[in-house]
Every structure is written in structure tokens, then in C-alpha cells.
Amino acid sequence: MTSLETYDPGDFYDELFASPGTPRPAAAELVRRIQSLPFAELQRRQDAAQKMLFKLGVTFNVYNDNQGTERIFPFDVIPRFVPYSEWEGLEKGLKQRIAALNCFIHDIYNDQKIIHDGVISREAIETAPGFLPACKGLQPPKGIWCHITGTDLVKDRDGSWYVLEDNLRCPSGVSYVLENRRVMKSSFPRFFDALDIQPVDDYASQLLEALLNLAPSNVSDPCVVLLTPGIYNSAYFEHSFLAQQMGIELVEGRDLVVADGYLQMRTTKGLRRVDVIYRRIDDDFLDPQAFRADSMLGVSGLMEVYRQGRVAIANAPGTGIADDKMIYAYVPQMIRYYLDEDQILQNVPTYLCEDAKQREYVLTHLDELVVKATNASGGYGMLMGPHSTDEERAAFAEKIKADPRNYIAQPTLSLSRVPTLIDGQFEGCHVDLRPFILYGKEVYVNPGGLTRVALRRGSLVVNSSQGGGSKDTWVVKESTC
Amino acid sequence: MLSRVADSIYWLNRYVERAENVARFVEVNLNLLLDTSVAGMPQQWQPLVTTTGDRQLFEERYGDASAENVLKFLTFDSAYSNSILSCVQSARENARAVREIISSEMWEQVNTFYLWMKEAAENDYSLEQLYSFYPEVKMSSHLFAGVTDATMAHNEGWNFGRLGRLLERADKTARILDVKYYILLPSVKHVGTPLDELQWISLLKSASAYEMYRKRQRRVSPEGITKFLTLNSEFPRSILFCLLQAERSLHQITGTTMGSWCNNSERTLGRLRSELEYMTLEEVFDIGLHEFLDKLQTRLNTVGEHVYEDFMAVPLTS
């Protein structure tokens, strides 16, 4: 199909079309504008956009590739469309969720009221690999733990949004949001004239403010750094990009040292004190004294300096507990417990394999469910029931029985689709959405977020490591449509 | 500035300069060959390997110093850390680690250089094609230096880059002069013949010095050329010029006034520079050209070590 007029949304929730030839009312103006361009012209702009991204060096590294090859994250020019009225609800829901999760993390590393009040069992928390006993009693600056969050959202067949996972450790992808927008502005300037698209460009300023917010008040010119694992990390481009956009130093573990009770960096003029770290390495690697002794990426003694309040770390160590997929199931209870509110954004119904009754249900319905390891991310370690073979299900059943705490199951969602240019025609492709939320003086949600799209025909997997691509996400105010 | 960042910019520039100079060595020899066949002299590739200082490694890996082996070793051998390919690859790795510090034009240039080299390494080049290959390497390096000067603020990082480039160039000009010493050795009887003059001319050309030399000295003579490539303070590939400029960068980094010193880098580089400044050609030949160049290289290495100790390997208590 090289024309949207004959595009068939199929048996899915399509975000631009209600039925063949009938755009959703809010998206009608956008569809009309896309249709006004000949297909060949769209294709040409698509190719130009890809070239521009490559030239800008918006790339990710492929693991296990000793050539250090970088690839671009495939990009599609048909934008993801989110009506502003829907976005307002998402924004509210995300703010609520982050507030509750922050309370939760602070609570379980300090007073553990939620355990004492019987909302979550001690066992559920302490068996989570993301729970770090070394963080007990920590009082991070301003009581903020999760400064940067990238929550994964999906839209189901009936058009309602669900939270898929929370990602409170070091979520990546925001550089694509910013660079995709830059490319779209030069590819379709007139669309931006005609539609009231919410801007995303203030992300770097907001992030810098959120980081400066953590600096000790007696330091007049705080030194903020971004800690990267180095050039071989798959997200190195993003680390370098964000450091450049904020004008802060990009450092590796070997640049840092603890001296005189402070965290310092080695400069050509001697040691210089560091006040705030935006770290892009996992908790486990932060400090070989406190966590993994074999870590070459972190700084020995960092946690002690942190405990003394002499350096701030974003995100705080220990936030990984909230990424555990079993803890995820308790977020609605957290919202009620800490905020005394009902959740605005829905969780996907989740079966905990640890519970004997729920496990029984999971084991007898493996062909309908998606089973996930509680501590994995990036689309690894999961079973897609409806697309699995008997052998795969049998193998997974054994894994679940052997280690029930490590598995949860959810009904298979039918992810919404958006028309996408594939092989010279329009094709409906499944998408998800990762908005980025910053917790500074206030909670800020960057309008839109990263839309990942599954570019393999019929695939539901949107991860960059497994054939996914991205789209620019447009939050559009209706009044102008 | 972070020590690691200074180190990366310094080595980024050294490696680009090194790649260029390896191309220059090879080019001298390729050009000499064209004439020696006329004069009935045997082809000499061994001296080239000797001047790199990696002769032992070469013999272990290749054995026979044939044209093919030597060209492969110096140009495309990814397992040899000073081959042109390896230098460009190391330059790019260093650039990647400081992408947010250098200008995007610099990154693009070094990235393009690398991609081109990598593609060239995958092709089989005939000797004929190689004659146009090495000038391309030189041009890519010049482009990088030019882009750096024109797009990066001339700040501390830039000065570390210039320091690296010029220390490397001083070392390599010394080695290029030394190639002639090794080529002459087996056949002293050729000294002063027309062939000898051809060899000196091609040596000048390999340092892009021929035209500038003619303007200044007119007659080609071993004395004149040695003086021009070591003690001239205006020609950008002469050793003294390199040291003068390197020293200027060093002092801009530290803020110490010229003529004084605050660390070993400044002291050793300043002493070396002033010795050359006040040296006569007679003194060079009294020491012996080869010995003089050899000592010079050792002292340049010492300067490099001090730069590392003074700026990159910052001790924990300072």
C-alpha cells in the first residue's frame, strides 16, 4: 500500500485510523497532510532523515562486536500521534506513580512502614535482587531517589493505556527523542507550522536543574558530572550527547577517586571536587567496596562519601528495587498507601508465580500469557505464550517451578499500531512509549517520549537490540486540528 | 580539564601525525626505488623497518624484508600497533572518547579517515595504486590538523593536541633523516654521486620540504638539508620549529612564562629546545648525525614521559 487511503488498520487499535480510510478525528489533519505528499517524496525524506542521523552520529553500539561498529537506531518518519487531552491524563498518572515509588523506596530503606503495616511482605522485598542492604538508612539530598525515570507504556486493543515497566535505574533513549525531533523539524517544517506540537527541547535544561537541585547549598559553583562506563557501552552516544547538551564533564570511573573524604576527579591541574554525579552505570558496579568487588567501572569508596552527604548520586543507588517485576505488581497498593489516592494509570494485571494459586493458573495457561523474569529487562528472559512451541512452554514451566520468585505472568496485550514505511509501502507496526520523567524541585514530564516501533513484520518486540526502531512522538493540542 | 581527556586529545593528534609520517617514510623509499633501478642498486626495504624501531617484531612475523612484506607491515597490519591502519584506528578510538570536547568537524574528519583506511585495508592494492595511496594519507592528516585549528577553541585541550602533534613530528623528522643514514651505510662509495643527490632530494620531498628548501638554500647538500630539517626555526617540519611550538603550547597550558619552568615537562623540553637553538651544524656532525638523531629521539621520549607524569597520571594527594 503506497497510499494511506487504502491502508488497512486490521484487527488492532490503530492510532491514526479508526477503520480503513477513516482517520481518528483528532488525527485527521495530520493524516490529510501526510496524504498530500506523494509516496516517493515521503520515502525520499525518510532516506534523508536516516542519513542525517548517521551523520549526526546518533548511533548505538552492538555488544560483542569487536570492530566497535555503531549502528543507527532505524527511524521512521511517520510520527506517533498522541492527542493532548490523552497526554494530560498520562502526565498526571506518571507524576502520581513517581511520587508513590519515591516514597516506597525511601520507606523500605528506612522505616519499612509498608512492611510493618502488612501491605507487602518482607520476603517479597528482601528476595528481590534489586534490593541493596548497603542502602539501608540512606538519606539522599531532598529525599529524592528516582531523579530520572523512563516508564514504559503501551496501549491495548481497546485504546486504554497501561504501564508495562518503570525503569528507575538508568533508563536510556532520551537522546533519540531529542535528535528525532531535530530531524523531523528539518524534514517536515510545514507540519510544525500547522500543528500545535508540544516542544521537547528543554529536556537538557530540566535535567541540569534537577541535578543542580541536589548540590550542597554551600557550594556556589557545583561540579556536576555524567559517569559513563565508556565508549564500548551501547548507550555511549547518549552519555556523550547529554554531557555536551548540559555542558558538564563526561567522566569514567578511572577519572574519579575518593581523596580527603570527598569524591574528586583527576584533572591536568590536580584533583577537583565533584558534587553531583549523574550515573549511567548500574548499582552493582558503582563501588567495588560496597557492591561487586570485581567492578572496574565504579569508584572505590564512593558509597561512604555518599553516606556522609558529600556527594549526590542520581539516580540514588537502590532504586533498582522498584524495577523488580514482582514489586511492580504492588504499585497500585503503594499509591493507595502513601498518597491515599486511586491509581490513574493502570498496571497490566500480573500473576505472581510465587503465590501457589496464581502459579497454578499460570502453569495451566502458559499458551495465553507472557511470562517474564522479574529481574530482566530489554526483552530478554521472557516467554510469549501465544507464539511459543510446546517445548518452549515445557522448558519455561520447569524454570518457573524451580524458581517461582523469579517469574511473573501477564495476559498478552495487543499493542496498538501506527502506519510505518516498510519495504516501500505503509504497514501497521506495533509501538510502545517511554516518556521521561524528572524529579527535581518539581516533577517534570517531557511531553511525548520515545516511541519504539517493532519493524519486523507482525513482531511485538520493540527493543533496539532485537530489530526495533523509533518514531518521533507528537503530543498535539486539538484546538488547531 | 580531565586528565583522561587531555591524554585522549594528545594521543588523538599524535596518532594522526604518526600515520602521516609512516606514509612519508614509505613514500621516500618508493620514490627512491624508481631511481635506484636505473642505477643498478638493490632495493632496500630493511632500513625502513629498522628506523621504526620494531625490526625484531617484523622479523618474527614476516622474516624476509621484501617490498610486499614491509609495505603490508607498515601500512595495513592491524596487529602491528604503529601501522598506518592501527594509528588511524587508535586516533579514532581516542576521538570517540572525547567527542563532546572536540568539534564535530574534527570527529567527522577522523571518522572519515578511519572508514577510508578500513576499506583500503580490505582491498588488494597493486604497487602502482600505492603510489597514489600514501599522498591521500598525508592529505587526510593535513585536513585533520586544519579542521582542528579552524573549528576548535584554542584552549587547554587544543594545546594538548598541538603538543602531541609536534612532539610526534619532531621525532619522525629525526627518523626520516635517519632513513638516509641507513640507506647510505652499505654503499659509502655512492656518496657525492648523482644518485646520492637524487636520494637527498627525495628525502626532502618526503618531508614536503623540497620547495621551501630550494628557496632558502638553493644547492642540495647533505649539510644544507640536515641544517634545514633540524635547526631551521621557520619550516614547520624542522625539529627546532616543532620544539618551539610544542613549548609554546606547554606554557599556555601551565601559564608559566617562557624562559622559566614549573615542572619536568617544561624543564626538559625547554633545555632541549635551547640546545638546538644555539647549536651549529659543525657540532651536529662532530657528534655524528646518526648519534645526534638517536639521542634526540631518546630525549623526546623523556619529554613525553614527563608530560604523562605531570598532567595525566595525577597522584592521589596533590
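Values below: every heavy atom of this structure, side chains too, minus hydrogens, waters and symmetry copies. So that the names make sense, note that chain A is the first sequence line, chain B the second, and so on, each numbered from 1.
Both the backbone and the side chain of A/Glu252 have a heavy atom closer than 4.5 Å to some heavy atom of chain B. For a residue to count as touching a neighbouring chain, one of its non-hydrogen atoms must lie under 4.5 Å from one of that chain's; by this rule A/Arg254 touches chain B with the side chain only.
No more than 12 heavy-atom neighbours from other residues, nucleotides or ligands sit within 6.0 angstrom of CE on B/Met139. Counted within 6.0 Å of CZ on A/Arg182, heavy atoms from surrounding residues, nucleotides or ligands total 12 or fewer; the atom is thus considered open. Within a 6.0 Å sphere centred on CD of A/Gln308, heavy atoms belonging to other residues, nucleotides or ligands number more than 12. Applying the 6.0 Å contact sphere to CZ of B/Arg271 captures no more than 12 heavy atoms from other residues, nucleotides or ligands. Under a cut-off of 6.0 angstrom, the local environment of NZ in B/Lys138 is crowded, with over 12 non-hydrogen atoms contributed by other residues, nucleotides or ligands. More than 12 heavy atoms of other residues, nucleotides or ligands lie within 6.0 Å of CZ in A/Arg307, so this atom counts as buried by the packing criterion. The environment of B/Glu68 atom CD is sparse: at most 12 non-hydrogen atoms of other residues, nucleotides or ligands sit within 6.0 angstrom. Atom CZ of A/Phe192 has more than 12 neighbouring heavy atoms from other residues, nucleotides or ligands inside a 6.0 Å radius.
A distance of 6.0 Å separates CZ of B/Arg99 from OG of A/Ser240, quoted to the nearest 0.5 Å. Taking CD1 of B/Ile253 as the start and NZ of A/Lys269 as the end, the distance is 7.5 Å to the nearest 0.5 Å. The line from CG of A/Asp255 to CG of B/Leu2 is 5.0 Å long, rounded to the nearest 0.5 Å.
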Working for side chain to side chain contact (heavy atoms under 4.5 Å, CB included), residues B/Ile101 and A/Glu249: CA-CA 9 Å; B/Ile101 307 278; A/Glu249 206 76 64; 4.0 Å; yes
Applying side chain to side chain contact (heavy atoms under 4.5 Å, CB included), run through B/Glu100 and A/Leu250 and close with a yes or a no. CA-CA 8 Å; B/Glu100 80 290 353; A/Leu250 178 67; 3.3 Å; yes
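B/Phe113 pairs by the ring-ring contact (aromatic ring centres under 6.0 Å, His included) definition with nothing, not counting sequence neighbours.
Considering all non-hydrogen atoms of both residues, A/Thr268 and B/Ser3 come closest at N-OG, 3.7 Å. Residues B/Arg4 and A/Val251 come closest through the heavy atom pair NH2-CA, 3.6 Å.
Side-chain contact between B/Arg96 and A/Phe237: absent, with no pair of heavy atoms (C-beta onward) separated by less than 4.5 Å.
For residues 152-173 of chain B, the interface with chain A (any heavy-atom pair closer than 4.5 Å) comprises B/Glu156, B/Phe160, sorted by residue number.
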